[in-house]
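See structure below.
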Number of protein chains: 2
Amino acid sequence: MLDYPSLAALAAVLREGGFERAAAVLGVTPSAVSQRIRALEERVGATLVVRSQPPVPTEAGARLSAHMERVRLLEGELAADLPLLAGAEEGPATLRVAVTADSLGSWFLPAAARFSAATGTLLDLVLDGEDHTAARLRNGEVLAAVTADPAPVSGCRTRPLGALRYLATASPAFLARHFPQGVDAAALARAPVLRFDRKDGLQARWVEETFGHPLAAPTHWVPSTQGFLDASLAGLGWAMNPLPLVAAHLAAGRLAELIPGRPLDVPLHWQHARLGARLLEALTREVAAEARRSLVPPA
Amino acid sequence: MLDYPSLAALAAVLREGGFERAAAVLGVTPSAVSQRIRALEERVGATLVVRSQPPVPTEAGARLSAHMERVRLLEGELAADLPLLAGAEEGPATLRVAVTADSLGSWFLPAAARFSAATGTLLDLVLDGEDHTAARLRNGEVLAAVTADPAPVSGCRTRPLGALRYLATASPAFLARHFPQGVDAAALARAPVLRFDRKDGLQARWVEETFGHPLAAPTHWVPSTQGFLDASLAGLGWAMNPLPLVAAHLAAGRLAELIPGRPLDVPLHWQHARLGARLLEALTREVAAEARRSLVPPA
């Protein structure tokens, strides 16, 4: 059997981002934490943690730490059934979940808060880096993910959540300045557009689907969901913004659609480990309920 | 002399995140873009771009692309003086600026929008990754940065902007549930706290400075400035939130301070290349003006 106190030390160092903080959480000395991890490294025959600030796991370290977090999740459920067992020296379990930046910024958090209030579970939210999320799900580093990529991951269940609706929006002053004759190909080629990052093709996709030609326009890069909205409000450029974030601004006239009634829907999916853990099922229920409120139903 | 059409192709591929998009912006075929970059790589004797999706620069590629963006910035100023010169086949220059996530989320964008409206310059905002920003300033990859790290960077000028004020805040329901007897050491050890990422020590610093003991508490991880605020509003945990984001919520009673009148001020700095470029000076003026409005004056 694995040495669980050592595994707990490893998981705490990575979760807390430091040996001292891990020691404080575990109620032991930092040197005890170091010794446990060194012992584990000797047993495994590999470095588990790069001793940087903050410490970074090696592949083996990430795998072992993910295992520990899963075990603690299951232990947490056991403690609910057998309260006398709950020594809980380390406190509640932490569930790591990947979320797209736009979901985190527009609809996900109420579900997270309800789940956490009901179960006492802690959440470690990480931003969905499309490429990495599937790998992290596969090796158990995250137990669930809100993702725009429905590709099935082995050992995981995928369910459609509905679509996050985006609207092409800009400030009225921006529209008056850059589209005085209305929104057409020539004006779109000159009006500044926002992009989140190099992978963000939403604005180009909307132009292609609406006008049938590619978008090549002066571009501002703003790598933040709320920053995107703030930049649209401030008149820096036009952008595809999530409906839940712009509805009030549209109603108040602070933003307007480039072409009313031309949304772009991005289907989202909930992928989670087939762990059969009740906590994961409880989170799944809250996420699905919030998705029904905030997203467009799956086709 | 360097071959500038090739450099422009390289910079466009990296800026746009693809050969096809770069070709569209430059008004040439994708194969012409490829040929130019291959020619440049032969001349330099090194790979400049890793052909991934999106393309990623090698160190040499980043250095050359940064040089091209600087030259275009200076060209843009020349065109303002000598309008007949402005062939501007590639459109306006792009200025790459690093910004802390909390600054991008709370006060920076109005300055960016005013600067861009006045000069027509495009902005490529990148999030300040403390470790990398100094290196990126040094090699010219970013021309300016809002940073919490005042360490001087060679070739750069540093000026204090004032401090972003943070308040320890939570929802009234959260306070009633977790601090019924008031905020003390025992309650702080049990109440869930938010952290942005492993480097975020603000909550711990506030507890240390206020109570004189370290913070070890159940932690939710929420890697987004607005997500932090939303999670505070939803009652997931307490957190240090930037004053510009919480002022209205405090006034409306949706959030309350854990201990009224105990802010934590984080000094911010503006570092920019000593390029003598008027555009950079214009941006500096707008950033300084916005900082005077939104930040606490430097001591």
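Remember, predicted model here, so these are calculated numbers, not experimental data. Here is the naming used below: chain letters follow the sequence lines, and residue numbers restart at 1 for every chain.
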* Among B/Leu123, B/Leu236, B/Asp197, single out the residue with the greatest number of heavy-atom pairs under 4.5 Å to chain A. => B/Leu123
* Top contributor to chain A interface from B/Thr219, B/Thr94, B/Leu127, B/Leu215 [non-hydrogen pairs under 4.5 Å] -> B/Thr219
Could you tell me which portion of [X] (side chain, backbone, both or neither) has an atom closer than 4.5 angstrom to a non-hydrogen atom of chain B?
| X | answer |
| --- | --- |
| A/Leu14 | backbone |
| A/Glu20 | neither |
| A/Leu233 | neither |
| A/Ala204 | side chain |
| A/Pro223 | both |

* Asked: In terms of heavy-atom proximity below 4.5 Å to chain A, should B/Leu95 be classed as side chain, backbone, both, or neither?
  ->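 No part of B/Leu95 comes within 4.5 Å of chain A.
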* **Electrostatic pair B/Arg195:A/Asp124 at N-O distance under 4.0 angstrom** => no
* Could you check B/Gln53, B/Arg15, B/Glu16 and say which one makes a side-chain contact (heavy atoms from CB on, under 4.5 Å) with A/Arg198? =>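 Filter result, single survivor: B/Arg15.
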* Asked: Do other residues, nucleotides or ligands put more than 12 heavy atoms under 6.0 Å from the CZ atom of B/Arg177?
  ->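 Atom CZ in B/Arg177 is not crowded, with 12 or fewer foreign heavy atoms closer than 6.0 Å.
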* In terms of heavy-atom pairs under 4.5 Å with chain B, which of A/Ala189, A/Ala117, A/Gly18, A/Ala112 leads? ->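 Looking at each option in turn, the highest pair count goes to A/Ala117.
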* Asked: Looking at A/Pro218, A/Gly120, A/Pro55, which one has more heavy-atom pairs under 4.5 Å with chain B than the rest?
  ->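 It is A/Pro218.
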* Structure fact -> When rounded to the nearest 0.5 Å, the distance separating CZ of A/Phe228 from CD of B/Gln226 is 15.0 Å
* Structure fact -> Tightest non-hydrogen contact, residues A/Ala113 and B/Ala234, listed as CB-O, 3.4 Å
* Residues of residues 96-106 of chain B within contact distance of chain A, non-hydrogen under 4.5 Å -> B/Arg96, B/Leu104, B/Gly105
* Any donor and acceptor pair, going by atom type alone, linking the side chain of A/His220 with main-chain N or O of B/Leu122 inside 3.5 Å? -> no
